[in-house]
Amino acid sequence: MNSKTIANGILRAVAIMVGVALMAIFIYKIRSVLAYLAIAAVIALLGRPIVLFLRRKLKFPNTLAVVAAMIFMLSIFLGILALFIPLISEQSKNLSLLDIDTLKTDINSLYYQILDYFGASTRNVDDLIEEAKIEENVLKGLDLKFIPNFINSFINTLSNFSVGLFSVLFISFFFLKDSKLFQNGMLTFVPDDKESNLVKTIDKINGLLSRYFAGILLQLFILFVIYTIALLIVGVENAIVIAFLCALFNIIPYVGPLIGGAIMVTLTMTSFLGEDFSAVILPKTLYVLIGLAVGQLVDNFFSQPFIFSTSVKSHPLEIFLIIIIAGLLFGVVGMVVAVPGYTAIKVILKEFLAENTFVKKLTKGL
């Protein structure tokens, strides 16, 4: 092996590493677009059976069937949002937002009951606040510039949400209208001798992800039932809506259950605001916490292992690491799409690099 061969090998390796780095940067920069495509693909996957039913059973034209399916799914989404209006109204009533004096009285009563239950005194708390100089620190750190900043942030968020919603609906329409659109687009980048591999890959990904999303729906339904039972036993109003909201947060891996649990506990306590803390609020909150614990135990030891092993053919530890990495790179959206994306990558590797030793071990059993 001469020096020229070695130099060419080094240059080739450097070029590959630079190419991979540039590709990673490019993917990071267009992560929002990739998220839109992923969400649209999921919507198309869920809406495809509706379109086929309208076309085959009711003889709808293809475009009309797609429009009807999207209106149906959008109506379900808006209907779910409408479910939360009574919840917001009830919580507003419980917090006495229209009666500031009553609200102050309820909060003060809850404050004194908590102190009394834990054996503390208001004097001790006041001394602690004075020693920490909380009021002084808050006043020093108070900057009224946060008001316009908050307004600008809210407007930007609303604008980004509107753009994202329009993009997802637009892409979903064409994915549903032409089920082979994505496949045909991918075929343009694949050599002719690899087209059959790509078709098999897409079909296998569709099958695995269909089972995965069916498993997710089962997971959310089980949590919804457990949470509903716990809230109904306690006697919380709008128990079904609260249970649905908290179960829905489970879509976000690891962080979602914590957010859902905090919301459930908070809404439980505010539902009984003004009642005796030790006799009513604390016992009911503990019962809800028990319901949360049961739901998470069932989810972690039954639902998730079942979904990961039977649908995406991956080990739970493997999934955990992928979700953490995706979360660090792409945030919450990355955590949500990590498992479907990882599954698609494994299928692609298995079809196109089946002889590679590492790929064989990674995709074993897929």
Side-chain angles (χ1 to χ4, degrees), residues 38-53 69 72-77 79-81 83-84 172 203-233 238-261 263-264 288 290-323 326-327 332-344 346-347 365-366:
I39 296 171
V42 171
I43 293 175
L45 197 64
L46 296 175
R48 193 65 191 164
I50 302 175
V51 174
L52 293 177
F53 173 80
F72 175 74
M73 290 188 290
L74 191 60
S75 300
I76 292 177
F77 176 73
I80 291 173
L81 289 181
L83 288 175
F84 296 105
S172 300
D203 291 339
K204 193 164 187 177
I205 290 173
N206 285 336
L208 288 173
L209 292 187
S210 297
R211 289 202 298 269
Y212 172 72
F213 289 116
I216 291 294
L217 292 177
L218 176 63
Q219 177 190 19
L220 297 183
F221 177 74
I222 292 173
L223 285 173
F224 168 71
V225 171
I226 294 173
Y227 291 168
T228 301
I229 292 172
L231 292 172
L232 288 176
I233 290 174
N238 299 304
I240 294 177
V241 179
I242 296 174
F244 176 78
L245 173 64
C246 297
L248 200 59
F249 271 103
N250 222 68
I251 293 176
I252 306 173
Y254 307 115
V255 179
L258 297 177
I259 299 174
I263 290 175
M264 188 182 297
V288 169
I290 292 173
L292 279 168
V294 171
Q296 289 306 309
L297 286 173
V298 172
D299 183 58
N300 289 313
F301 292 100
F302 169 72
S303 301
Q304 290 188 21
F306 173 78
I307 293 171
F308 296 149
S309 62
T310 60
S311 60
V312 296
K313 311 291 185 182
S314 297
H315 193 278
L317 179 59
E318 185 181 357
I319 294 299
F320 172 79
L321 294 175
I322 292 300
I323 290 173
V332 175
V333 175
M335 298 179 74
V336 173
V337 302
V339 176
Y342 179 62
T343 303
K346 285 178 65 175
V347 174
L366 187 63

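It should be emphasised that the depicted structure is a prediction, and the values quoted were computed from it without experimental measurement. No hydrogens, no waters, no symmetry mates; every other heavy atom, side chains included, goes into these values.
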- Message: Please report the interatomic distance CG(L217) to CD1(I251), rounded to the nearest 0.5 Å.
- Response: 8.5 Å
- Note on the structure: Closest non-hydrogen contact found for A247 with L220 is O-CD2, 3.1 Å
- Intermediate values then yes/no, side-chain contact (heavy atoms from CB on, under 4.5 Å), V241 and L245: CA-CA 6 Å; V241 179; L245 173 64; 5.6 Å; no
- Task: Taking the side chain as every heavy atom from C-beta outward, state whether F249 and I263 have any atom pair closer than 4.5 Å.
- Result: yes
- Query: Shortest non-hydrogen contact from L223 to G295?
  - Reply: CD2-O, 3.3 Å
- Give a yes or no on this: more than 12 heavy atoms of other residues, nucleotides or ligands lie within 6.0 Å of atom CD1 of I240. no
- Note on the structure: Here the gap from F221 atom CZ to I226 atom CD1, rounded to the nearest 0.5 Å, amounts to 10.5 Å
- Query: Measuring from Q219:CD to N250:CG, what's the distance to the nearest 0.5 Å?
  - Reply: 5.0 Å
- Quick one: do I322 and V339 satisfy side-chain contact (heavy atoms from CB on, under 4.5 Å)? Show the steps, please. CA-CA 7 Å; I322 292 300; V339 176; 6.0 Å; no
- Interatomic spacing from CD1 in I229 to CZ in F224 - rounded to 0.5 Å: 10.0 Å
- Task: State, to 0.1 Å, how close G291 and A230 come at their nearest heavy-atom pair, and which atoms those are.
- Result: CA-CB, 3.9 Å
- Item | Interatomic distance, F302 atom CZ to L297 atom CG [nearest 0.5 angstrom] | 13.5 Å
- Distance-only, no hydrogens or angles: does the N300 side chain make a donor-acceptor pair with backbone N or O of Q296 under 3.5 Å? yes
- Task: Hey, could you give me the CD1/CG distance between I222 and D299, rounded to the nearest 0.5 Å?
- Result: 8.0 Å
- How close do L231 and A243 get, heavy atom to heavy atom, and via which atoms? CD1-N, 3.8 Å
- Query: Between G260 and C246, what is the shortest heavy-atom contact and its length?
  - Reply: O-SG, 3.1 Å
- Could you pull out the closest heavy-atom pair between G327 and M335, with the gap in Å? CA-CG, 3.4 Å
